[in-house]
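No hydrogens, no waters, no symmetry mates; every other heavy atom, side chains included, goes into these values. Each residue takes its place number in the sequence, starting with 1. No experiment lies behind these values; they were computed from the predicted model shown.
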Amino acid sequence: MGGIGTGPWAGWWWWRCSQQHQLCASAGPEALGGPHNGLPQFLWPPRRHPRPVVFEKGGVYLHTSARKHQDPDSLIAGVIRVVEKDSDVLLHWAPVEEAGDPTQIVFSKKDPSGGEPSASEEEPTFDPGYEPDWAVISTVRPRPHLAEPRRGAEPSCSRSSWAFSVSLGELKSIRRSKPGLSWAYLVLVTQAGGSLPALHFHRGGTRALLRVLSRYLLLASSPQDPRLYLVFPHDSSALSSSFHHLQLFDQDSSNVVSRFLQDPYSTTFSSFSRVTNFFRGALQPHPEGASSPDLPLLPDDEPEPGFEVISCVELGRRPTVERALPVTEEEWARHVGPDGHLQNIPELKNRIFSGGLSPGLRREAWKFLLGYLSWEGSAEEHKAHVRKKTDEYFRMKLQWKSVSAEQERRNSLLHGYRSLIERDVSRTDRTNKFYEGPENPGLGLLHDILLTYCMYHFDLGYVQGMSDLLSPILFVVQNEVDAFWCFCGFMELVHGNFEESQETMKRQLGQLLLLLRVLDQPLCDFLDSQDSGSLCFCFRWLLIWFKREFPFPDVLRLWEVLWTGLPGPNLHLLVACAILDMERDTLMLSGFGSNEILKHINELTMKLSVEDVLTRAEALYRQLTACPELPHNVQEVLGLAKPKEPSSPSPPISPLPLSPTRAPPPLPPREDVPQPDSSLEILPEDDDGTDS
């Protein structure tokens with residue numbers, strides 16, 4: 001066998017040498033020497049530092065022999081740790097000291113007679129389940145009583161030289177072991193293409209390690225290899241870099257939310273691949289009754305962390321739905337009692353859902369739909385509430401109004417919000433007569449309300465896209481204070497869309513794909529085949545509730561229908577399904593590729609009829625709810641069933657959470673709708689330390 005640099009471990013050795021080169025270049029000549037026999041500093045035994053250790057697991061071994069039954073000299077016992085260091089998170093493995101804890105020693109296989117196996121009885125090599133490049137080197141020292149070294153032996157090597165530490169940001173993928181092996185193992189592959197030694201967990205712990213890693217990384221099953229997890233950072237910079245070549249966004253904007261709002265067409269759609277693989281891999285369905293192939297069931301243990309399992313369901317005929325006429329001011333007046341109390345509120349909400357509101361009624365009714373005024377309050381109570389909220393608004397507005405220019409120069413956060421708001425307001429709905437013209441007072445109101453919202457919600461502040469949500473509200477209400485509190489009510493529904501983690505958006509895209517798979521599996525398969533199965537082209541739809549997809553008057557009708565919360569939560573997801581259903585034949589029969597799909601979806605802007613879309617969305621809802629075998633996870637999204645209780649007190653951690661979005665309390669489960677076992681598979685929280 002050749003040396004390490006040329007043998008099958010060349011990939012691992014190349015990674016280590018590249019680390020040495022970087023360290024030597026940065027540290028200078030003194031890094032080439034030291035107290036450890038002249039070894040480079042990166043090969044010194046790891047020193048103990050007071051770093052926060054967030055995970056530690058012993059009994060993690062390197063197998064340095066290709067034999068099926070490892071002898072003690074071919075096993076290097078060690079400890080795997082996840083360590084937070086400064087602003088980085090490291091995955092560190094180090095061997096235990098040779099004179100360390102005796103419990104780290106496993107066993108030495110003996111033949112039935114109690115003796116050692118002879119050289120002639122040496123076992124054949126076997127494939128442990130991972131690629132040969134990671135498997136066949138041996139650093140075992142020859143046994144003294146043998147006349148010749150064992151086959152495949154290498155010169156003796158210090159066990160401390162096997163220690164390694166890698167930043168989580170350098171990981172590209174994680175490969176799991178095949179089911180049925182004696183010990184579960186993980187193989188880490190770096191962004192540079194090198195692979196680290198396989199880590200064999202003799203005492204279990206792969207699940208626990210993956211759960212900890214999922215706090216810092218997004219782990220998605222590869223569509224091409226069910227045993228391979230693709231690794232992405234949790235922060236939005238991964239999405240930013242994935243879309244960099246798409247030219248979807250402002251070049252000077254670092255916020256992934258704001259950049260999604262721009263024209264999403266590009267001829268370089270192939271750069272969507274990282275995000276597409278993430279969503280598609282995480283949501284890949286498996287055959288009914290089968291567990292996820294990435295995470296096999298293990299004997300006497302609970303399932304490993306898995307992904308979505310969707311049973312095939314047979315939907316009935318889609319019912320016919322007719323929209324009603326809008327609620328008029330006269331009809332609204334019939335629901336107002338003598339003291340100003342609204343009467344028959346459920347009936348009134350149903351009428352708004354089925355027909356919307358007449359334009360003259362919106363200014364009053366939107367205050368109720370957005371929670372500014374209580375549906376149960378009297379006229380006097382409403383007046384007192386408005387007085388209180390007016391005083392509260394101007395006190396918050398005074399907070400930023402009283403900041404001098406000198407103070408703002410030392411407040412980068414406030415200065416950043418103001419600059420971003422001024423830029424966005426100057427280009428929000430400028431074709432609308434209410435906002436057109438250079439000195440339009442409506443623009444000043446947009447600016448003041450958005451800046452005051454930064455005082456109201458310090459944690460969220462201002463994110464690009466919020467001006468799109470405020471503009472229609474101010475247009476309808478035409479009062480600064482009322483518009484502010486109505487906007488706050490709207491943000492209570494959608495604030496998760498603008499959070500930096502983007503967990504809410506990923507959850508909604510997952511739920512949208514879940515619904516679409518039940519409604520139209522062939523369409524999902526087609527989108528998958530064209531690298532569009534992630535539905536990322538729907539991101540802008542969900543982010544700002546179709547604000548840029550419909551003409552301005554249609555947006556007003558759509559939003560007031562969605563604000564009723566009827567017929568259940570997440571109607572906006574069914575609106576997205578309805579649009580895709582309307583364009584199904586065009587997408588599938590035209591032979592569109594990924595670029596053409598993105599271009600076609602973008603060109604739908606301002607060409608959709610809101611009444612047609614709402615009619616189809618309601619029909620889809622009725623079709624789904626009429627299905628007696630609707631999977632439980634779909635019932636959760638539609639508000640027909642409560643989410644299943646977690647198996648442990650703490651919430652589970654998942655590479656791609658798919659629980660319902662924030663919504664009004666779900667309706668109680670219908671007695672005629674059974675709840676089959678098909679449900680979302682989420683990383684279990686148990687940590688019993690065994691996975692083999």
Side-chain angles (χ1 to χ4, degrees), residues 255 257-258 261 363 366-375 377 381-405 407-408 410-426 428-429 435 441-505 543-545 547 559 562-563 565 661-664:
N255 188 290
V257 179
S258 66
L261 297 173
R363 184 173 183 179
W366 278 25
K367 299 174 187 178
F368 293 91
L369 289 170
L370 290 169
Y372 177 36
L373 298 181
S374 170
W375 290 94
E381 290 171 338
H382 290 157
K383 289 179 182 179
H385 180 74
V386 169
R387 286 194 298 268
K388 175 184 175 183
K389 288 297 183 180
T390 300
D391 178 67
E392 187 176 346
Y393 171 78
F394 283 108
R395 279 190 285 108
M396 288 187 292
K397 184 175 181 178
L398 184 62
Q399 291 175 1
W400 63 265
K401 278 281 191 180
S402 61
V403 175
S404 67
Q407 286 177 300
E408 188 169 326
R410 294 188 294 270
N411 190 331
S412 58
L413 187 61
L414 178 60
H415 179 73
Y417 286 150
R418 186 192 294 272
S419 300
L420 186 58
I421 290 171
E422 289 174 352
R423 187 185 66 180
D424 288 354
V425 164
S426 66
T428 299
D429 290 327
Y435 297 109
L443 301 180
L445 292 179
L446 282 176
H447 172 274
D448 289 359
I449 293 173
L450 291 171
L451 206 49
T452 304
Y453 185 78
C454 295
M455 302 293 105
Y456 173 79
H457 200 317
F458 284 103
D459 291 338
L460 186 59
Y462 176 79
V463 180
Q464 194 170 9
M466 292 182 180
S467 60
D468 278 281
L469 302 184
L470 173 60
S471 169
I473 295 175
L474 182 59
F475 170 81
V476 168
V477 177
Q478 298 191 11
N479 176 279
E480 181 179 1
V481 175
D482 294 346
F484 172 82
W485 291 111
C486 288
F487 174 69
C488 290
F490 195 4
M491 287 302 299
E492 283 297 308
L493 298 175
V494 299
H495 71 89
N497 293 2
F498 299 92
E499 293 173 351
E500 182 70 19
S501 69
Q502 290 296 281
E503 288 302 316
T504 299
M505 288 302 304
L543 180 70
I544 52 175
W545 276 29
K547 165 63 164 56
W559 284 3
L562 295 177
W563 290 336
T661 56
R662 179 193 178 278

Between [X] and [Y] (judged by ring centroids, cut-off 6.0 Å), do the two rings come close enough to count as a pair?
| X | Y | result |
| --- | --- | --- |
| Phe487 | Phe490 | no |
| Trp366 | Trp559 | no |
| Tyr417 | Trp400 | no |
| Phe368 | His382 | yes |

*For the residue pair His495 and His457, categorise the inter-ring angle as parallel (less than 30°), tilted (30 to 60°) or perpendicular (more than 60°).*
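Because their plane-to-plane angle lies in the 30° to 60° range, the rings of His495 and His457 count as tilted.
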*Using the side chain to side chain contact (heavy atoms under 4.5 Å, CB included) rule, take Val403 and Asn411 through it: C-alpha gap first, then chi angles, then the decisive distance, then the call.*
CA-CA 10 Å; Val403 175; Asn411 190 331; 5.7 Å; no
Answer yes or no: is there a side-chain heavy-atom contact under 4.5 Å between [X] and [Y]?
| X | Y | answer |
| --- | --- | --- |
| Tyr462 | Tyr453 | no |
| Pro472 | Lys547 | yes |
| Asn497 | Met466 | no |

_Exceeds 12 heavy-atom contacts within 6.0 angstrom, atom NE2 of His415_ =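 It does not: His415 NE2 has 12 such atoms or fewer within range.
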*Without hydrogens or angle criteria, can the side chains of Ser467 and Asp424 be said to hold a donor-acceptor pair below 3.5 Å?*
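No.
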Could you report the tightest heavy-atom contact between [X] and [Y], atom names first, then the distance?
| X | Y | answer |
| --- | --- | --- |
| Cys486 | Ile473 | CB-CG2, 3.7 Å |
| Gly496 | Thr504 | O-CB, 3.4 Å |
| Leu474 | Gly442 | CD2-O, 3.8 Å |
| Glu499 | Gln502 | O-NE2, 2.8 Å |
| Leu446 | Tyr435 | CD1-CE2, 3.5 Å |
| Leu460 | Met491 | CD2-CE, 3.9 Å |

[atom1]-[atom2] distance between [X] and [Y], expressed to the nearest 0.5 angstrom:
| X | Y | atom1 | atom2 | result |
| --- | --- | --- | --- | --- |
| Ile421 | Leu450 | CD1 | CG | 5.0 Å |
| Phe498 | Leu543 | CZ | CG | 5.0 Å |
| Gln464 | Thr428 | CD | OG1 | 8.5 Å |
| Glu381 | Ser374 | CD | OG | 7.5 Å |
| Lys389 | Asp391 | NZ | CG | 11.0 Å |
| Glu408 | Arg418 | CD | CZ | 4.0 Å |

_With a 3.5 Å distance limit and no angle check, can you tell me whether Arg363 reaches the backbone of Val477 through a side-chain donor-acceptor pair?_
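At least one qualifying donor-acceptor pair exists.
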*asked:* Treating Ser426 as the side-chain partner and Arg423 as the backbone partner, does any N or O pair qualify as donor plus acceptor under 3.5 Å?
replied: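 Checked: pair present.
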*asked:* By the side-chain hydrogen bond (donor to acceptor under 3.5 Å, both in side chains) test, which pairs, at least two apart or in different chains, include something from residues 478-489?
replied: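 Every pair satisfying side-chain hydrogen bond (donor to acceptor under 3.5 Å, both in side chains) with a residue in residues 478-489: Lys367-Asp482, Tyr372-Asp482, Tyr393-Glu480, Lys397-Glu480.
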*asked:* Please evaluate residues Leu451 and Glu422 with respect to the criterion side chain to side chain contact (heavy atoms under 4.5 Å, CB included), reporting the C-alpha separation (whole Å), side-chain torsions for both, the decisive distance (0.1 Å), and the verdict.
replied: CA-CA 10 Å; Leu451 206 49; Glu422 289 174 352; over 6 Å; no
